[in-house]
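Everything numeric in this text was worked out from a predicted model, so none of it was measured.
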Amino acid sequence: MTRTIGLIGGMSWESSAEYYRLLNEEVRRRLGGHHCARSLMLTVDFAEVEAMQRAGDWAAAGRLLAGAAGTLEAGGAEMVLLCTNTMHRVAEEIEAVLTVPFVHLVDATAERITAAGVTTAGLLGTRFTMEMDFYRDRMRRHGIEVVVPDEPGRTLVHDVIYRELTRNRIEESSRQAYRRVIADLAARGAEGVILGCTEITLLVGPQDSPVPVFDSTRIHVERAVDLALAGTAELSGSGR
C-alpha cells in the first residue's frame, strides 16, 4: 500500500489538476492495474495568495500555507508537497509546522539536473521565482548556477503565466515567444532549462528547446511517488 501524499494546491487550480493527473499516472505506470495514488489535497484560494505576492506579504503567505500543511498532516498525510514553484519562497515556514517530510521541489529538480551532468541551467518562472534569491540559492547549494532571461524576457514569461496560463488560456503566439526566450538562454550558456512554474508545462516542453528541459512539476511528482512506494527508512530520511 502506498503512503498518503498531501498536496497544497490552488496556486493555480490548473497546476493542481496537473499534479493530481501526474501523480496518478505515475503510480499506475509503476504498479499497473487500477492503482492510483493515495492522496489528500487542500486547495487554497489563489486570489488571496496572489494578492499577498503583489503586496510582498510573504509572512502572511507563509502562515496561510503552513496552516494548510498542518491540516493535511492532521488529515493523515504522510508527506507534504507544495504544488507551486513560487511559493517555495515560504518553504521553511511550512517545514516548521510539520512532523512528516516536506518534499522540496527545488531539491528534487536540482538532483535530476546534477544527474544529467548540467551545471548551468536557465530558469523560467514567475518574476518572483526568477528574481528572488530563494530558488537560485537553493540550486547553488547543489552546485548549479542559474541563468534567467533579460528584463523584457522576464516580463513576458511572468505576464503569460498570470494573464494566460493561470486562466487556462493557451496562446500559440506565447508559445513562440517562450521558444525565443529559451533559445536566448541557451545562447547565453544554459546547458538545460528549468520549467520552474507548473503552468509553463501547459505551453512548452522538450520539443520547444534546443537544450534539455527539466520539468520541475514532473520531477517533483516522481520524487513523491518514489517516497510513497519506498521503505519507512527512506521516507523518514527525506524531510528536513
Could you tabulate the donor-acceptor pairs under 3.5 Å formed by side-chain atoms of residues 42-52, not counting sequence neighbours?
| from | atom 1 | to | atom 2 | distance (Å) |
| --- | --- | --- | --- | --- |
| D45 | OD1 | A47 | N | 3.0 |
| E50 | OE1 | R54 | NE | 3.0 |
| E50 | OE1 | R54 | NH2 | 3.3 |
| E50 | OE2 | R54 | NE | 2.7 |

(request) Walk me through it: do T120 and V147 pass the test side-chain contact (heavy atoms from CB on, under 4.5 Å)? (result) CA-CA 7 Å; T120 302; V147 179; 3.6 Å; yes

(request) Assess whether side-chain contact (heavy atoms from CB on, under 4.5 Å) is satisfied between L203 and E164, documenting all intermediate values. (result) CA-CA 10 Å; L203 184 67; E164 298 174 18; 5.9 Å; no

(request) Begin with the C-alpha distance, continue with both residues' side-chain angles, and end with the deciding distance and a verdict on side-chain contact (heavy atoms from CB on, under 4.5 Å) for V221 and E25. (result) CA-CA 10 Å; V221 163; E25 287 182 351; over 6 Å; no

(request) Check the pair T2, V225 against side-chain contact (heavy atoms from CB on, under 4.5 Å), reporting the backbone distance first and the verdict last. (result) CA-CA 8 Å; T2 62; V225 174; over 6 Å; no

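Every pair passing ring-ring contact (aromatic ring centres under 6.0 Å, His included) that includes a residue from residues 77-100 is listed here, sequence neighbours excluded: H88-F102, H88-H104, H88-H220. The salt bridge (charged side-chain N to carboxylate O under 4.0 Å, His left out) analysis of residues 146-162, with sequence neighbours excluded, yields the pairs R127-E151, E131-R154, D159-R163. Among residues at least two apart or in separate chains, salt bridge (charged side-chain N to carboxylate O under 4.0 Å, His left out) pairs with a member in residues 198-214 are R179-D208.
In plain terms, the two heavy atoms of G70 and V97 that are nearest each other are N-CG2, 4.3 Å. Taking both residues in full, the closest heavy atoms of E14 and S12 are given as OE1-OG, 2.9 Å, listed atom of the first, atom of the second, then distance. Nearest approach of T126 to Y162, heavy atoms of both residues: CG2-CE1, 3.6 Å. The shortest heavy-atom contact between I94 and A69 is CG2-CB, 3.6 Å. Shown here for G196 and L123, the closest heavy-atom pair between the two residues is CA-CD1, 4.1 Å. For the pair G125 and C197, the tightest heavy-atom approach, listed with the atom from each and the gap, is CA-CB, 4.0 Å.
Taking the side chain as every heavy atom from C-beta outward, I170 and L165 approach each other to under 4.5 Å. The shortest distance between side-chain heavy atoms of C83 and M11 does not fall below 4.5 Å. Side-chain contact between R223 and I219: absent, with no pair of heavy atoms (C-beta onward) separated by less than 4.5 Å. In this structure, L202 and I200 have side chains that are not in contact, with every pair of non-hydrogen atoms separated by 4.5 Å or more. At least one side-chain heavy atom of V160 sits under 4.5 Å from a side-chain heavy atom of Y178. At a threshold of 4.5 Å between non-hydrogen side-chain atoms, the residues V90 and F134 do not count as touching. Side-chain contact check for V157 versus M130: some heavy-atom pair is nearer than 4.5 Å. Using a 4.5 Å cut-off on side-chain heavy atoms (C-beta onward), T166 and I161 make contact.
With hydrogens and angles left out, the side-chain atoms of T86 and T129 include a donor and acceptor closer than 3.5 Å.
Partners of D107 under the side chain to side chain donor-acceptor pair (under 3.5 Å) rule, at least two apart in sequence or in another chain, are R138, H142. Under the side chain to side chain donor-acceptor pair (under 3.5 Å) criterion, R218 pairs with no residue, sequence neighbours left out. Here T217 pairs with T198 under the side chain to side chain donor-acceptor pair (under 3.5 Å) rule; sequence neighbours left out. Partners of F128 by ring-ring contact (aromatic ring centres under 6.0 Å, His included), not counting sequence neighbours, listed by chain and number: W58, H158. With sequence neighbours excluded, no residue forms a salt bridge (Lys or Arg N to Asp or Glu O under 4.0 Å) with E111. In terms of the side-chain contact (heavy atoms from CB on, under 4.5 Å) criterion, residue partners of S209 (sequence neighbours excluded) are, by chain and number, I182, V193, V211, V213. Looking at residues two or more places apart in sequence or on another chain, you find a side chain to side chain donor-acceptor pair (under 3.5 Å) between Y135 and N85. Applying the salt bridge (Lys or Arg N to Asp or Glu O under 4.0 Å) criterion to R175, with sequence neighbours excluded, gives E172.
Comment: R136 does not engage E145 in a salt bridge, judged by the lack of any side-chain N to carboxylate O separation of less than 4.0 angstrom. Salt-bridge annotation for R188 and D184: present, with a side-chain N of the basic residue lying under 4.0 Å from a carboxylate O of the acidic one. Salt-bridge formation is not detected for the pair R28/E26: no Lys NZ or Arg NE/NH1/NH2 atom is positioned less than 4.0 Å from an Asp or Glu carboxylate oxygen. In summary, E93 and R63 do not engage in a salt bridge, as defined by a charged side-chain N under 4.0 Å from a carboxylate O.
L65 and M132 end up in the same hydrophobic cluster when Ile, Leu, Val, Met, Phe, Trp and Tyr side chains are linked at under 4.5 Å. If you chain together hydrophobic residues whose side chains sit under 4.5 Å apart, I194 and L156 fall into the same group.
Between the CG atom of L124 and the OG1 atom of T201 there is a distance of 12.0 Å, given to the nearest 0.5 Å. Residue L23 holds its CG atom at 10.5 Å from SG of C36, rounded to the nearest 0.5 Å. To the nearest 0.5 Å, the span separating CD1 on I8 from OG1 on T84 amounts to 10.0 Å. Note that OG of S39 is 11.0 Å distant from CE of M79, once rounded to the nearest 0.5 Å. Between atom CE of residue M87 and atom CG of residue L105 there is a gap of 13.5 Å, rounded to the nearest 0.5 Å.
The number of heavy atoms from other shown groups lying within 6.0 Å of OH (Y20) does not exceed 12.
Side chain of R3 to main chain of A230: a donor-acceptor pair is present (N/O by atom type, distance under 3.5 Å, no hydrogens or angles). T4 places no side-chain N or O within donor-acceptor distance of the main-chain N or O of R38, the cut-off being under 3.5 Å. When atom types are taken as modelled, the side chain of N24 and the backbone of A37 share a donor-acceptor pair closer than 3.5 angstrom.
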